[in-house]
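Quick notes on the structure that follows.
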Amino acid sequence: MSFMHEEDTRLETTRGRFENVLKRHAELAERLSRDSDKMIFERLQKEFEAARASQTQEVTLDGEQWNDGLLATIRERVHIEADRKAMSGNINNLPESHVEEKITYRVGNKVICCLEGPRIGIQYETSFAGEPCELYHCVLESKSFLEKMTVLEHTIPFFLPIRAAENDLLSSNAMRFIDYVGELLQAYVDRREQIRLIKELYGNQIGELYHSLPYHMIEFVLDDSDCKLIVTLRYGDLVSVLPTRVRVLVWSMHQSKKNMSPTILSRKENGSRGSQPNPTRLSYAENALKTMSLPEAYAEIVLNLQQTLQQMYQLRGTS
């Protein structure tokens, strides 16, 4: 009983924390959805579309083709183009190749292009289950080819640590920064869409569901006539799509008596066990959540739940 009380207290604490986070999220989402914020996305999207429309070719890069040398070439190109335009339209002093060649590079879910001025634009294309999701933008700028780049503006969700990544990576390894931001965004969309999907498919079975803004802390409750299931997921970092810490606790309810054999039920009624058993960790459910997507793991848990509960009742009844 004390263990169950502690779990209930812990759940209430977690619920209160998540409710405060969700309230803050709603307030920030409202602020970020104002016209000025939408205008940033629309302006950058139009600028990226114009840059891609004016390209002379789009090059798809694989593996080692995307490297520091190529990024340096892109940086050099944007500065040459910026210098050319600063010369009041006098294009005769620069090689023709620099004037006409406009190349866009596609690397995985990233499209990298040269924007007006000394700026490099990266458009991130996210997806889930093969279907496209949101586009995100990040614009990098440097005052000269020899100076480090900085993030000028972006449309990345505020709760993803782009400024920390800028401080840690951009000056020392710009290519890694660009890749890491793409990984952050795709992992966030993966986690978010997995939650959306289980709510869509199994919403009538889920009693309560709480999550952090980046969906790296998730907790939900499954209630049915035989048991109460609490699932807690923690992701080791924001680029993870599978949780690293998982706990699934199950409480058998009094209605489960109808599934017991007469002998087991008689022993229960004679007081051989407490009226409310302690929760049990479901190892098969935890393993499923660590190795499968959340909708797949949920289906696996529900599919095997009744058999697992029956085995639990039999073991308790014979002990």
Side-chain angles (χ1 to χ4, degrees), residues 10-33 37 41 108-110 124-138 154-165 168 179-222 229-249 285-302:
R10 187 177 296 112
L11 180 59
E12 288 297 327
T13 301
T14 303
R15 181 183 296 117
R17 183 169 67 249
F18 280 156
E19 285 177 349
N20 290 332
V21 169
L22 291 174
K23 181 179 178 181
R24 179 170 174 265
H25 180 211
E27 294 171 350
L28 289 170
E30 180 181 0
R31 179 175 63 83
L32 293 173
S33 64
D37 300 296
F41 176 86
N109 70 332
K110 303 177 289 292
Y124 296 95
E125 301 172 345
T126 61
S127 63
F128 179 72
E131 296 297 323
C133 295
E134 296 92 338
L135 298 176
Y136 297 98
H137 309 93
C138 182
H154 65 86
T155 60
I156 294 165
F158 68 92
F159 45 78
L160 296 181
I162 185 171
R163 291 302 175 185
D168 294 342
D179 291 344
Y180 177 70
V181 172
E183 294 167 9
L184 270 180
L185 290 167
Q186 184 56 57
Y188 157 67
V189 169
D190 274 336
R191 295 190 300 268
R192 184 198 67 194
E193 290 300 296
Q194 289 182 53
I195 289 295
R196 180 194 62 78
L197 193 55
I198 68 163
K199 289 170 66 177
E200 180 180 306
L201 296 175
Y202 309 109
N204 61 324
Q205 300 175 10
I206 298 174
E208 303 170 63
L209 190 152
Y210 304 95
H211 61 81
S212 59
L213 299 185
Y215 292 85
H216 72 310
M217 297 170 58
I218 299 168
E219 191 157 317
F220 61 87
V221 177
L222 186 155
L229 207 69
I230 297 181
V231 178
T232 303
L233 308 177
R234 298 292 185 268
Y235 294 77
D237 53 54
L238 292 177
V239 297
S240 298
V241 295
L242 292 174
T244 53
R245 293 169 52 200
V246 176
R247 186 176 62 176
V248 181
L249 295 176
E286 294 178 351
N287 291 335
L289 288 161
K290 288 180 180 179
T291 57
M292 302 178 183
S293 70
L294 188 51
E296 292 173 325
Y298 189 97
E300 179 76 10
I301 292 169
V302 172

OH (Y235) and OG1 (T244) are apart, to the nearest 0.5 Å, by 9.0 Å

Any heavy-atom pair between the side chains of L222 and I301 that's under 4.5 Å?
no

Please report the shortest heavy-atom distance between A288 and A297, naming the atom on each side.
O-CB, 3.6 Å

Find the distance between OG1 (T155) and OH (Y124) and round it off to the nearest 0.5 Å.
10.0 Å

Is any side-chain heavy atom of E193 closer than 4.5 Å to a side-chain heavy atom of L197?
no

F220 CZ to T232 OG1 distance, which is reported to the nearest 0.5 Å
9.0 Å

Side chains of L289 and L294 in contact at under 4.5 Å (non-hydrogen atoms)
yes

Shortest non-hydrogen pair, L238 vs P214, comes out as CD2-CB, 3.7 Å

Output a table of donor-acceptor pairs, distance under 3.5 Å, between side-chain atoms of residues 181-189 and any protein atom two or more places apart or on a different chain; print 'none' if there are none.
| unit_1 | atom_1 | unit_2 | atom_2 | d |
| --- | --- | --- | --- | --- |
| E183 | OE1 | R176 | NH2 | 3.3 |
| E183 | OE2 | R176 | NH1 | 3.1 |
| Q186 | OE1 | S127 | N | 3.1 |
| Q186 | NE2 | S127 | O | 2.6 |
| Q186 | NE2 | D190 | OD1 | 3.3 |

How far does CG of L160 sit from OH of Y136, to the nearest 0.5 angstrom?
8.0 Å

Apply side-chain contact (heavy atoms from CB on, under 4.5 Å) to the pair I230 and R247, showing each step before the final yes or no.
CA-CA 8 Å; I230 297 181; R247 186 176 62 176; over 6 Å; no

Between the CD atom in E134 and the CZ atom in R192, the distance rounded to the nearest 0.5 Å is 4.0 Å

Could you note down all residue pairs passing salt bridge (charged side-chain N to carboxylate O under 4.0 Å, His left out) where residues 286-301 supplies at least one of them, sequence neighbours left out?
R281-E286

From H154 NE2 over to I162 CD1, what is the distance, rounded to the nearest 0.5 angstrom?
4.5 Å

Answer yes or no: is there a donor N or O on one side and an acceptor on the other, between the side chain of R191 and the main chain of S240, under 3.5 Å?
yes

Assess the pair H137 and F41: is the distance between their ring centroids shorter than 6.0 Å?
yes

Taking side-chain contact (heavy atoms from CB on, under 4.5 Å) as the definition, give me every residue that meets it alongside R245, ordered by chain and number, with sequence neighbours left out.
R234

Pair L201-Y298, side-chain contact (heavy atoms from CB on, under 4.5 Å): steps then yes or no:
CA-CA 10 Å; L201 296 175; Y298 189 97; over 6 Å; no

Heavy-atom side-chain contact between Q194 and F128 under 4.5 Å:
yes

